[in-house]
Structure formats: C-alpha cells, structure tokens
Amino acid sequence: MPQLIFLPHEELCPDGAAFEVEPGITVCDAAIANGIEIEHACEKSCACTTCHVIVREGFDSMEESDELEDDMLDKAWGLEPESRLSCQAVVADEDLVVEIPKYTINMVSEGH
C-alpha cells in the first residue's frame with residue numbers, strides 16, 4: 001500500500017504525519033480519516049480551493065487534473081506546478097509527499 005506523507009503544517013499537523021492508504025482514495029479523504037482536518041468548504045465537490053495542496057513527491061503517479069480542477073486551481077493561493085485540489089487528487093500506487101499551504105482562500109468560513 002502506498003504511504004501518504006504530510007509535511008508539518010503549523011495548525012493542522014505540527015509534527016507532520018505519515019500513514020498507509022488504499023489506492024483510489026482522495027488525498028482529502030485520507031487526510032480527514034487520519035485526523036488531519038484539511039479544509040473543504042465545498043464538501044469536496046471541486047467548487048472551491050480550500051483543500052489546495054502541493055504534491056512534493058509522487059505527483060506524476062496520479063491521474064492528471066481535469067479542466068474543472070485546473071480552472072479552480074487558478075484561483076488558489078500559492079499555486080505551484082505540482083498543486084492539486086486534495087478532494088480531486090486520487091492516490092495511485094506510489095507514495096505521496098504532500099504540503100498543505102500556509103494560507104487558503106475561503107470566501108465563507110463554515111467551521112469545518
């Protein structure tokens with residue numbers, strides 16, 4: 001099983017985290033299932049950028065983003081070439097090293 005490795009994030013996982021996941025799960029669902037409360041204001045429907053992450057290793061192992069995700073990513077804070085919406089990024093067979101950006105753009109905070 002691939003491993004999902006989160007780099008330290010001041011609020012969500014100060015020490016970082018690593019855990020095994022089943023291929024086919026989204027990065028967002030895996031994070032939430034393992035206690036990392038990544039924001040997802042649109043309830044994972046690819047309608048916002050609050051779950052934006054940067055895949056530092058393993059990016060090429062995932063399926064490419066679609067046009068809708070790319071359009072949403074254009075609005076994300078701190079966009080990088082390896083940026084994905086974690087609600088759309090599906091874990092494949094390789095380990096992923098993921099960074100959660102320090103900031104997110106949330107027009108309406110819903111207290112997730």
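Just so it is clear, the structure is predicted and the values come from calculations on it, not from any experiment.
- Contact annotation: the side chain of P8 never approaches that of D15 to less than 4.5 Å [non-hydrogen atoms, C-beta and beyond].
- Panel note: side chain S86, backbone V53; no donor-acceptor pair is recorded below 3.5 Å.
- For the side-chain contact (heavy atoms from CB on, under 4.5 Å) test, residues two or more places apart in sequence or in another chain that qualify with A92 are S61.
- Residues forming a side-chain contact (heavy atoms from CB on, under 4.5 Å) with I25 (at least two apart in sequence, or on another chain): V21, D29, A30, V91.
- Both I32 and V98 belong to a single network of hydrophobic side chains, linked directly or stepwise wherever heavy atoms of I, L, V, M, F, W or Y lie under 4.5 Å apart.
- Of the possible donor and acceptor atoms, one in the side chain of D95 sits under 3.5 Å from a partner among the backbone N and O of Q3.
- The 12-atom threshold is exceeded at CG of D74, counting heavy atoms of other residues, nucleotides or ligands nearer than 6.0 Å.
- F59 is connected to L96 through a chain of hydrophobic side-chain contacts under 4.5 Å among Ile, Leu, Val, Met, Phe, Trp and Tyr, so both are in one cluster.
- Hydrophobic clustering of Ile, Leu, Val, Met, Phe, Trp and Tyr side chains at less than 4.5 Å, counting indirect connections, unites L12 with V27.
- The closest side-chain donor-acceptor pair between S83 and H52 falls under 3.5 angstrom.
- When hydrophobic residues (I, L, V, M, F, W, Y) are linked wherever their side-chain heavy atoms come within less than 4.5 Å, the members clustered with I5 are L7, V97.
- Rounding to the nearest 0.5 Å places CE of M1 at 12.0 Å from CG of D93.
- The two atoms that bring G58 and E94 nearest to each other are CA-OE1, 4.4 Å, heavy atoms only.
- Listed by chain and residue number, L68, E69 satisfy the side-chain contact (heavy atoms from CB on, under 4.5 Å) test with D66 (two or more places apart in sequence, or in another chain).
- Atom CE of M72 and atom CG of L79 lie 12.0 Å apart (nearest 0.5 Å).
- Residue Q88 comes nearest to S45 through the heavy atom pair NE2-C, 4.4 Å, listed as atom of the first residue, atom of the second, then distance.
- Interatomic distance, CG of L4 versus CD of E22, reported as 13.0 Å (0.5 Å rounding).
- Looking at R84 and E64, no side-chain N of the basic residue comes within less than 4.0 Å of a carboxylate O on the acidic one, giving no salt bridge.
- Minimum interatomic distance between T49 and L85 (heavy atoms only, all atoms of both residues): CA-CD2, 3.9 Å.
- Every residue meeting the side-chain contact (heavy atoms from CB on, under 4.5 Å) condition with C13, not counting sequence neighbours, appears here in chain and number order: F6, H9, I36.
- Of the possible donor and acceptor atoms, one in the side chain of T50 sits under 3.5 Å from a partner among the backbone N and O of A41.
- Listed here is the closest heavy atom pair of C46 and C87: N-SG, 4.0 Å.
- For the side chain to side chain donor-acceptor pair (under 3.5 Å) test, residues two or more places apart in sequence or in another chain that qualify with D70 are S65.
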